[in-house]
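The block underneath contains the structure these notes are about, expressed in structure tokens.
Keep in mind the model is a prediction, meaning the values are calculated, not measured. Just so you know, ligand 1 is whichever comes first in the structure, and atom 1 is the first atom listed for that ligand. What you see below is based on every heavy atom in this structure, not just the backbone, and it leaves out hydrogens, waters and symmetry mates.
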Amino acid sequence: MLDKRQFYINGVWVDPAHSNDHEVIDPATEDACAVISLGAQADTDAAVAAAKAALPGWMATSPEDRIAALERVYAAYKTRTEDLAKAISTEMGAPIALASTSQVGAGLSHLKNFIAAAKAFEWEKPLNDDTPDTLIRHEAVGVCALITPWNWPMNQVTLKVGAALVAGNTMVLKPSEESPLDAMIFAEIMDAADLPPGVFNLVNGDGAGVGSQLSSHPDVDMVSFTGSTRAGIAISKAAAESLKRVHLELGGKGANLVFADADEKAVKRGVLHMMNNSGQSCNAPSRMMVEASRYDAAVEEAAATANKVQVGPPSEDGRHIGPVVNATQWSKIQDLIQKGIDEGARLVAGGTGRPDGLNKGFYVRPTVFADVTNDMTIAREEIFGPVLSIMKFETEEEAVAVANDTPYGLTNYVQSTDVDRRHRLARQLRSGMVEMNGQSRGAGAPFGGMKASGNGREGGSWGIHDFVEVKAVSGWASE
Ligand code: NAD
């Protein structure tokens with residue numbers, strides 16, 4: 001079994017202050033694949049102290065020097081993509097093809113986009129052309145705690161580290177205890193990039209331990225968190241005492257509005273998007289809402305599509321889906337599927353239990369419910385598994401009202417060939433992102449939500465903005 005008990009603090013790998021072993025479970029076999037340490041207050045304090053000591057030097061560097069550092073990180077990342085993909089696939093169950101392309105690939109493109117955004121970023125500029133005496137400076141927030149989840153682990157780590165680093169912050173990363181292995185490879189990448197000691201630190205731990213210690217630490221200036229709404233609330237409360245800046249990327253319950261005039265691939269595209277990464281994406285289009293005249297055909301097509309989704313081991317090549325991350329998630333998903341049945345939704349594909357032929361591993365059957373109403377538990381709660389809810393609507397107004405009737409506001413989706421309608425809906429949907437007709441966002445576009453989905457915007461120049469303070473200096477040009 002892999003021994004990954006050390007932490008990366010002040011530029012070196014160190015033993016934990018106290019031994020507190022935690023086994024990382026491979027969700028495909030249910031066996032331990034590695035052992036890490038869960039940190040204690042002394043480890044958190046050591047990492048924060050290293051970041052604090054490194055801050056004055058790092059924030060005084062020029063943007064050009066920091067961009068050069070990020071370029072070294074990008075180059076080092078490129079040399080470790082295979083290792084990263086294997087680690088992600090083993091620890092959280094993404095099939096190796098998905099891990100290599102989407103999971104690891106996302107990290108690569110975020111780093112590249114931050115390099116481009118940082119080059120174009122106006123770190124210092126006059127307030128206006130005719131007011132050169134007032135200078136606006138963008139500078140580091142300070143010591144940042146970066147707390148990340150397991151579902152798209154390298155995506156989240158790079159979105160936070162890339163932006164924080166190039167903006168001149170120093171940091172302590174606490175990856176999810178479910179998926180620490182890829183983050184530890186990432187620490188090796190940071191080490192290879194030859195940064196000053198203390199700029200980047202990694203401490204493993206759980207939410208109750210290192211997560212809470214970082215969120216309440218007096219020497220941490222900002223917490224950037226991605227994960228559940230539950231933990232986001234706990235972190236906000238812990239951070240309030242010392243008035244830290246808190247940046248949150250939380251859960252979602254995206255609506256996918258399929259109008260009668262949608263293109264012919266719209267339903268299939270929505271089902272496959274839902275099933276991708278075994279449904280473990282905060283931006284999954286989990287509520288498919290279909291216009292009445294197309295409803296019956298859509299339900300039939302969605303069921304047929306889900307029935308064709310293969311489920312299998314992450315180590316096998318192919319476009320199947322893997323297990324969900326752990327036993328807790330597996331049980332939670334089973335309970336929610338049962339709740340859907342009990343509350344009267346019509347099960348048209350999948351259901352409870354493991355898929356045929358898979359008796360071990362946290363595998364879930366790709367599941368589709370029809371005749372879901374928005375008050376049902378499966379329409380309100382984030383399931384975080386391969387489970388799609390289909391609802392019927394009669395009018396555009398009703399569709400918008402139901403789509404917005406959720407505590408969440410991360411991504412909504414619109415499928416329609418009517419451009420005027422699409423523009424109307426893009427303005428009316430209450431979410432940080434609206435994706436139309438399967439067109440993905442351009443490179444460097446912001447990712448983030450509103451309402452219970454959080455308040456941050458990650459990626460590109462918006463991601464850098466989240467990690468800077470704005471300073472107004474007067475008397476700049478005066479004699
Ligand atoms: P989680 O909230 O349980 O854990 C996320 C991280 O927070 C982990 O590192 C965990 O150790 C830590 N943590 C947990 N409780 C904490 C606490 N009280 N204080 C400090 N840290 C704490 O979430 P998860 O199960 O790992 O991830 C799934 C969730 O993440 C889903 O709700 C999903 O929607 C959300 N997510 C959101 C986005 C986004 O950008 N909006 C992206 C990916 C995942």
Fill in: Residue contacts for ligand 1, heavy atom to ligand atom, distance under 4.0 Å
Ile147, Thr148, Pro149, Trp150, Asn151, Gln156, Lys174, Pro175, Ser176, Glu177, Asp206, Gly207, Gly211, Ser212, Ser215, Phe225, Thr226, Gly227, Ser228, Arg230, Ala231, Ala234, Ile235, Glu249, Leu250, Gly251, Cys282, Glu382, Phe384, Leu410, Phe447

Practice prompt. Would you please name every residue forming a ring-ring contact (aromatic ring centres under 6.0 Å, His included) with Phe447, sequence neighbours left out?
Written response: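 Not a single residue meets the ring-ring contact (aromatic ring centres under 6.0 Å, His included) criterion with Phe447.
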
Practice prompt. Please work out which of the three classes, parallel, tilted or perpendicular, describes the rings of Tyr8 and Phe200, given edges at 30° and 60°.
Written response: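 Tilted, since the angle between the ring planes falls between 30° and 60°.
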
Worksheet item: Parallel, tilted or perpendicular: which describes the rings of His465 and Phe121, with under 30° parallel and over 60° perpendicular?
Response: tilted

Would you find a donor on one side and an acceptor on the other, under 3.5 Å apart, between the side chain of [X] and the backbone of [Y]?
X      : Y      : result
Lys451 : Ser431 : no
Asn201 : Met171 : yes
Thr148 : Val157 : no

